[in-house]
Amino acid sequence: MRTMLLDVMRIPVDDPVAFTFFTGYMAMFAAAIFFLFERSTVADKWKTSLLISGLITGIASVHYYYMRDYYVTTHETPIALRYIDWTLTVPLMVVEFYLLVRAAGAKVSLLYKLIVAAVVMLVFGYIGEAFTDGTMGHSVLWGSLSTLGYVYILYSAWFGEVAQLAAASQSEAVRKGVRALAWFVLVGWAIYPIGYMAMPGGWLGPDGAGLLRPHDLDLLYNIADAINKIGFGLVVYSIARSESAVKVAPASATSVV
Ligand SMILES: *C/C=C(C)/C=C/C=C(C)/C=C/C1=C(C)CCCC1(C)C
């Protein structure tokens, strides 16, 4: 027991994976506190969006707390914890999209479609990682199926229903905000399939192009999670703040004059 405990506490300084598990945990924990406290500074209709941002970063930070232990103790990839985290947080991220375009007339069916796409992406990705036989055939098959879900969300955000509703929105902040989130999905979310390709049998791993080591999977996932989860939250926060300011501006303007 005692040696177990000592192992758990040790973060090797030359191990960037362990390092990012800890910084990711701390950064997302801080972000969750920030979004939850700042909730009181925005107009009522934005409070749910900030709550969701707080939940996304909060849920992730708890998973990182356990994933860091798991990794430092076993030196293995915490596949199950990772996918439990994503199964909760990715649908919440598509809820953020939905809440933004709801005022422009989004129907609940849009939310369902995005959630189904997220589940497809994650279930197939999980099969690809958890049940790997180390072959390229397995990795590529399930990775490709997973990519269908990803492409659906990406398409919706750039050209499909989400993009069209945003374009029809009266609010400049919503139009810009949805575009910013779409960039996160295009660039930030693309880090995950690259990380996936580092696994045994992956295109970029030791059995493929040899550009990545297996543990680069966790390194890339950790970096991507912090960027995407905190980034999404900050975009939504800045839209909420600027939209809330529009409403109070006349009152504060007169009080200044
Ligand atoms: C907070 C967590 C987020 C935003 C997770 C996003 C995850 C993905 C975009 C994962 C995508 C994958 C593919 C497109 C193919 C290979 C398997 C995955 C699951 C890594």
Side-chain angles (χ1 to χ4, degrees), residues 20-21 24-25 27-29 31-32 35 52-65 67 77-98 114-132 136-158 180-205 208 212 214-236:
T20 51
F21 266 122
Y25 157 57
M28 287 190 280
F29 181 73
F35 295 133
I52 304 279
S53 299
L55 287 176
I56 292 168
T57 43
I59 290 169
S61 76
V62 174
H63 283 84
Y64 268 74
Y65 177 82
M67 287 199 285
T77 296
I79 301 174
L81 278 166
R82 177 83 72 187
Y83 276 86
I84 294 167
D85 171 346
W86 288 356
T87 306
L88 297 167
T89 53
V90 177
L92 286 173
M93 291 171 93
V94 307
V95 168
E96 299 270 38
F97 267 120
Y98 170 72
L114 292 174
I115 289 179
V116 168
V119 170
V120 163
M121 177 177 96
L122 296 174
V123 168
F124 290 145
Y126 181 72
I127 296 174
E129 286 191 49
F131 303 111
T132 181
M136 194 165 286
H138 179 94
S139 161
V140 172
L141 169 66
W142 298 104
S144 307
L145 290 172
S146 165
T147 303
L148 296 176
Y150 172 49
V151 168
Y152 182 87
I153 299 173
L154 189 60
Y155 180 84
S156 188
W158 279 92
L181 292 188
W183 274 108
F184 271 101
V185 174
L186 178 65
V187 180
W189 288 26
I191 302 171
Y192 298 98
I194 296 173
Y196 175 90
M197 290 178 206
M199 68 181 255
W203 272 345
L204 300 178
L212 299 174
H215 276 312
D216 289 332
L217 176 141
D218 280 307
L219 183 63
L220 290 167
Y221 285 176
N222 290 354
I223 292 169
D225 273 354
I227 292 175
N228 289 307
K229 289 178 166 68
I230 299 172
F232 247 62
L234 286 174
V235 168
V236 171

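Counting starts at 1 for both ligands and their atoms, in listed order.
With a 6.0 Å radius and a threshold of 12 heavy atoms from other residues, nucleotides or ligands, Trp189 has its CH2 atom above the threshold.
Sequence neighbours left out, the pairs with a member in residues 120-130 that pass side chain to side chain donor-acceptor pair (under 3.5 Å) are Tyr83-Glu129, Glu129-Tyr221.
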What pairs of donor and acceptor atoms, side-chain ones from residues 141-148 against any protein atom, are under 3.5 angstrom apart with sequence neighbours left out?
from   : atom 1 : to     : atom 2 : distance (Å)
Ser144 : OG     : Val140 : O      : 2.6
Ser146 : OG     : Met121 : O      : 2.7
Thr147 : OG1    : Gly143 : O      : 2.7

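In this structure, the ring of Trp158 has its center less than 6.0 angstrom from the ring center of Trp183.
Listed by chain and number, the residues in a side chain to side chain contact (heavy atoms under 4.5 Å, CB included) with Ala32 are Thr57 (sequence neighbours excluded).
Listed by chain and residue number, the protein contacts of ligand 1 are Tyr83, Trp86, Thr89, Val90, Met93, Met121, Gly125, Gly143, Ser146, Thr147, Tyr150, Trp189, Tyr192, Pro193, Tyr196, Tyr221, Asp225, Lys229 (heavy atom within 4.0 angstrom).
Counting only heavy atoms from C-beta outward, the side chains of Val185 and Phe97 approach each other to under 4.5 Å.
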